[in-house]
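Notes follow the structure.
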Amino acid sequence: QVLLVESGGGLVQPGGSLKLSCAASGSIFSIYDMGWYRQVPGKQRELVTTITSGGSTVYTDSVKGRFTISRDNAKNTVYLQMNSLKPEDTAVYYCNAVAAAGIATINLNNYWGQGTQVTVSS
C-alpha cells in the first residue's frame with residue numbers, strides 16, 4: 001500500500017558527504033514518523049535517526065553533529081544529509097515510515113524501503 005524508494009547511496013571517501021532521499025508513494029492517508037536505519041552483515045539493523053511529522057528528531061549518539069534528517073511533508077519525502085563520513089558508517093541504509101494507508105480501509109503499518117548501500121572508504 002505504501003512504497004518507499006531510496007536513492008543517493010554510493011562510495012565516498014572518509015570525511016566526505018552524501019545525501020540520501022526516500023520518497024513514499026501509494027494510497028497514503030497520512031505519514032507519521034519517518035526514519036533511517038542501517039545494517040551491516042552479521043549485525044542487527046540499528047536506528048540512525050527519526051523525525052516526526054512535526055519535525056522533532058532523534059539521533060543515535062554516533063551520528064550526532066554529523067547527520068541531519070529532514071522531511072518534506074508535501075512530497076512525502078525524507079532526507080538524510082550525512083557529513084564527515086567515517087568508515088564505520090558503511091552499511092545498507094533503510095528508509096522507514098509509519099503510515100496510515102489504504103483504499104477501502106485505512107490501516108496503520110510500518111513500511112521499509114529496499115535499502116541503499118553507503119560505503120565509506122579511501
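Sequential numbering from 1 along the given sequence is applied to the chain's residues. Worth saying up front: this structure is predicted, and the values here are computed from it rather than measured.
- With Thr90 contributing its side chain and Glu88 its backbone, the two residues share no donor-acceptor pair below 3.5 Å.
- Between the OG1 atom in Thr68 and the CG atom in Leu80 there is a gap of 8.0 Å [rounded to 0.5 Å].
- Contact between Ile69 and Met34 at its shortest, heavy atoms only, is CD1-O, 4.1 Å.
- With respect to the salt-bridge test (charged N to carboxylate O, under 4.0 angstrom), the residues Asp89 and Lys86 do not qualify.
- Here the OH-CD1 distance, from Tyr79 to Ile51, works out to 11.5 Å after rounding to the nearest 0.5 Å.
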Handout entry: side chain to side chain contact (heavy atoms under 4.5 Å, CB included) evaluation trace for Val48 with Tyr59
Key = CA-CA 6 Å; Val48 177; Tyr59 294 92; 5.9 Å; no
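- Residue Thr119 holds its OG1 atom at 13.0 Å from CD of Gln13, rounded to the nearest 0.5 Å.
- Put simply, Tyr111 and Ile28 are part of the same group of oily side chains (I, L, V, M, F, W, Y) that touch within less than 4.5 Å, one to the next.
- Taking all atoms of both residues into account, the shortest heavy-atom contact from Cys95 to Val78 is SG-CG1, 3.8 Å.
- Annotation for Ile31 and Ser53: closest pair O-CB, 3.9 Å, computed over non-hydrogen atoms.
- No donor-acceptor pair closer than 3.5 Å links the side chain of Glu46 to the backbone N or O of Tyr37.
- How far CG of Asp33 is from OG1 of Thr57: 11.5 Å, rounded to the nearest 0.5 Å.
- For Ser27, the side chain to side chain contact (heavy atoms under 4.5 Å, CB included) partners at least two apart in sequence or on another chain are Ile103.
- How far CG of Leu3 is from CH2 of Trp112: 15.0 Å, rounded to the nearest 0.5 Å.
- Listed here is the closest heavy atom pair of Leu20 and Met82: CG-CE, 3.8 Å.
- To the nearest 0.5 Å, the span separating CZ on Arg38 from OH on Tyr94 amounts to 13.5 Å.
- Considering every non-hydrogen atom in both Ser121 and Pro14, the closest pair reads C-CD, 3.6 Å.
- Distance alone, capped at 3.5 Å, is enough to place a donor-acceptor pair between the Thr49 side chain and the Val58 backbone.
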Practice task
Dump the intermediate steps for side chain to side chain contact (heavy atoms under 4.5 Å, CB included) on Gln81 and Ser17, then the final yes or no.
Solution key: CA-CA 7 Å; Gln81 178 67 48; Ser17 298; 3.9 Å; yes
Practice task
Show your working on ring-ring contact (aromatic ring centres under 6.0 Å, His included) between Trp36 and Phe67 and close with a plain yes or no.
Solution key: CA-CA 11 Å; Trp36 293 93; Phe67 290 11; over 10 Å; no
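- The shortest non-hydrogen separation linking Tyr32 to Arg71 is O-NH1, 2.6 Å.
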